[in-house]
Protein chains: 2
Amino acid sequence: MPRRVTIDDVARLAEVHKATVSRALNAQTRDQVNVETLKRVKRAARQLGYVPNAMARGLRTSRSMTIGVIIPDLMNPIFPPIIRGIEHVLQAQGYTVLVANTDSHDDVEISAFESLLQRRVDGFILATGRLDDHTVVDEAKAADVPVVLVNRGAGMGGFPLVSGDNAHGIDLALAHLIELGHRRVVHAAGPTNFSTTRSRAEAFEAAATKAGVEHDTSYASGLTIEAGFDVADEILAGGGGCPTALVAGNDLVALGLIRRLRAEGLRCPEDVSVVGFNDMPFAEDFWPPLTTVHMPLREIGAEAARLLLRGIDAGEQEAATVTLPVSLVVRGSTGPART
Amino acid sequence: MPRRVTIDDVARLAEVHKATVSRALNAQTRDQVNVETLKRVKRAARQLGYVPNAMARGLRTSRSMTIGVIIPDLMNPIFPPIIRGIEHVLQAQGYTVLVANTDSHDDVEISAFESLLQRRVDGFILATGRLDDHTVVDEAKAADVPVVLVNRGAGMGGFPLVSGDNAHGIDLALAHLIELGHRRVVHAAGPTNFSTTRSRAEAFEAAATKAGVEHDTSYASGLTIEAGFDVADEILAGGGGCPTALVAGNDLVALGLIRRLRAEGLRCPEDVSVVGFNDMPFAEDFWPPLTTVHMPLREIGAEAARLLLRGIDAGEQEAATVTLPVSLVVRGSTGPART
DNA sequence: TTGTATGCGTTATCAG
DNA sequence: CTGATAACGCATACAA
């Protein structure tokens, strides 16, 4: 790698001082320089293939124009759309997005956070809201850096949160099932230490009680296909016979549930109806096509980014909680209750 | 945001010179400092919550310890595993991975590259191998920065490439179909300007000719479900009646094909068999479960990262081409030819 | 083993 | 409108 071209090289070729080059090359200060010299500088820069050094600039301005995004699992299809939403609004403002994937691993999470902090990101968007493990949120609090929580983490650390309306989603799902004649419904929830799990489980309990349907809740060990497959054990072995409908903690759990149902010789939706959560990409291509609660994932990401930007510009965070509306997408995994 | 703690603050508290702090905090030079002072420094650093400034360090060392990864579409499920493979080996070496998603948009691609270059990434991994549009590769060439191509882009710019064995994958797929009795097979390939499309299409032509089966190739406008859905037009309307089997350019195209088949009242695999390509996550959860060519995606990413690291350390790139073995995963989307 | 001095490439402040 | 100069936070060659 040959030595990179610096602002000094450009200055020499353009026969001006490097301060002038700096002014010429920054949109902010461009109008402070003579049109003629501006041209000369631009030409010189192009000729030399000058690429400004963001590290030097950041060091000087103490802004990296960089945002750190920490997510627990890139392989979960709900995250790409969220990231896309984030990037969409951030890139438009000249920010670069640094995505760190932690595989839901605590120590990775913490070291990713640390690494991003070292890079002096101007803010964080965190999608890792476990209730029991406040480490990252606490660290963020201690580091006194702008943070927006996404999707999970209601009320943690007093940071703003953007998410879909979990309670209403559950209401919609349950209403749909009841309308189809289901009277025995089990909620195959996510792990108890996710904040979303709690919101949804509480909403389920409340709605099911109010509607007067027989109900129960089982907790999967993760928000994955495997965990969904496994939690079916508990549900199938549960007292009171097999429920006629299941509300899953998310679409992956729903997929695991369906896999297991099939393995047990039960058909979906003829024998058991299943409702997912999130409406992740490809939900309609599974078998059966998933009836699920649609989350505006892209918009959630975009809104989080906007909130963060506002916080950065204002110099302080509003403790807003933005809840975006959800809707029910009825596809093939739900049907009339078997009588 | 209060002023950040610097190495000077630590030095003052520990009552040593900042140079000593620097030495104490870097693994490389740690043994140059007295055990006692080391302790003092560490304590002071912890006490103050010192976080080293990567920009300042990078500016001084002219290494950002950062790798840029440019991918065309985060929503395509083949990329998360690849990214994971990349991160796995890079993080172990202390590198941070900057992922830029371009949505297959030329100008976004170029500006993402530029942005990464400004950040002085130590190298690039590019997954954007279109044949007609050399811009990024050319820019990379001009910038004289270490690059490894991934998945696509055979032979572009003389950069190393890591990919799966496309030709062999096609051979496996075709052999499987022929064994099932298919004699009229169409290749629903990707866009003509992807290098993978060419390798696969050529292999298909060769293998089908050699096997003596009736065959044809149609080109989808993208590697997406929609493009797969649309290219079915051409195939269904094609002369010589409907083929009994299709080899898709990738799994998404396969999904689109199947959607369309269903829309036309054709069943898969009873009426038409479909083979996908990549074995993307969830391939087994679709309906029917996808028979597809398995690509070792994670390993492809990991190998690309290793190759890049070697190039960076050596100061020059080997022009290696690494081709990883593929295999056929037979699931539900292929069956005996209708006679 | 530790301190001193310098420079990495920018931008901001201050003169002119 | 432009030039000179300092400073951002750190690592390192050199001196002690």
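Any value given below was found using the heavy atoms of this structure, including those in side chains, with hydrogens, waters and symmetry copies removed. We name chains A, B, ... by the order of the sequence lines, and we start the count at 1 in each one.
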Whichever of B:R120 and B:D31 has its nearest DNA chain C nucleotide further upstream toward 5': B:D31

Nearest-Å distance for atom pair NZ/C1', residues B:K39 and C:dT1: 17 Å

B:T66-B:T96 side chain donor-acceptor pair, cut-off 3.5 Å: no

d(CZ, B:R12; P, C:dG3) in whole Å: 14 Å

For atom CZ of B:R119 and atom C1' of C:dC8, their distance in whole Å: 18 Å

Smallest separation among heavy atoms of B:R120 and A:P52, with atom names: NH1-O, 3.3 Å

CZ-CG distance between B:F124 and B:L149, expressed to the nearest 0.5 angstrom: 12.5 Å

Charged tip of B:K141 within 45° of B:F159 ring normal and under 6.0 Å: yes

Which residue lies more 5' along DNA chain C, comparing B:L59 with B:N34 via nearest heavy atoms: B:N34

Nearest-Å distance for atom pair CD/C1', residues A:Q32 and C:dC14: 13 Å

Spacing between B:M55 atom CE and C:dT11 atom C1', to the nearest angstrom: 13 Å

Integer-rounded Å distance: C:dC8 C1' and A:D9 CG: 13 Å

Side chain to side chain contact (heavy atoms under 4.5 Å, CB included) evaluation trace for B:S22 with B:I7: CA-CA 7 Å; B:S22 173; B:I7 205 173; 3.6 Å; yes

Taking every non-hydrogen atom, the tightest pair across B:N101 and A:E87: CB-OE1, 3.5 Å

Letter per nucleotide, 5' to 3', of nucleotides 11-16 of chain D [B base touched, S only sugar-phosphate touched, - untouched; heavy atoms, 4.0 Å]: BBB---

SB check A:D73 B:R84 (cutoff 4.0 Å): yes

Residue pair B:R57 / A:Q118: nearest heavy atoms and the distance that separates them: NH1-OE1, 4.5 Å

A:Q118 CD - D:dC10 P separation (whole Å): 10 Å

B:Q32 atom CD, over 12 foreign heavy atoms within 6.0 Å: yes

Bend angle of the helix from C:dT1-D:dA16 to C:dG16-D:dC1, from helix axes over five pairs at each end, nearest 10°: 40°

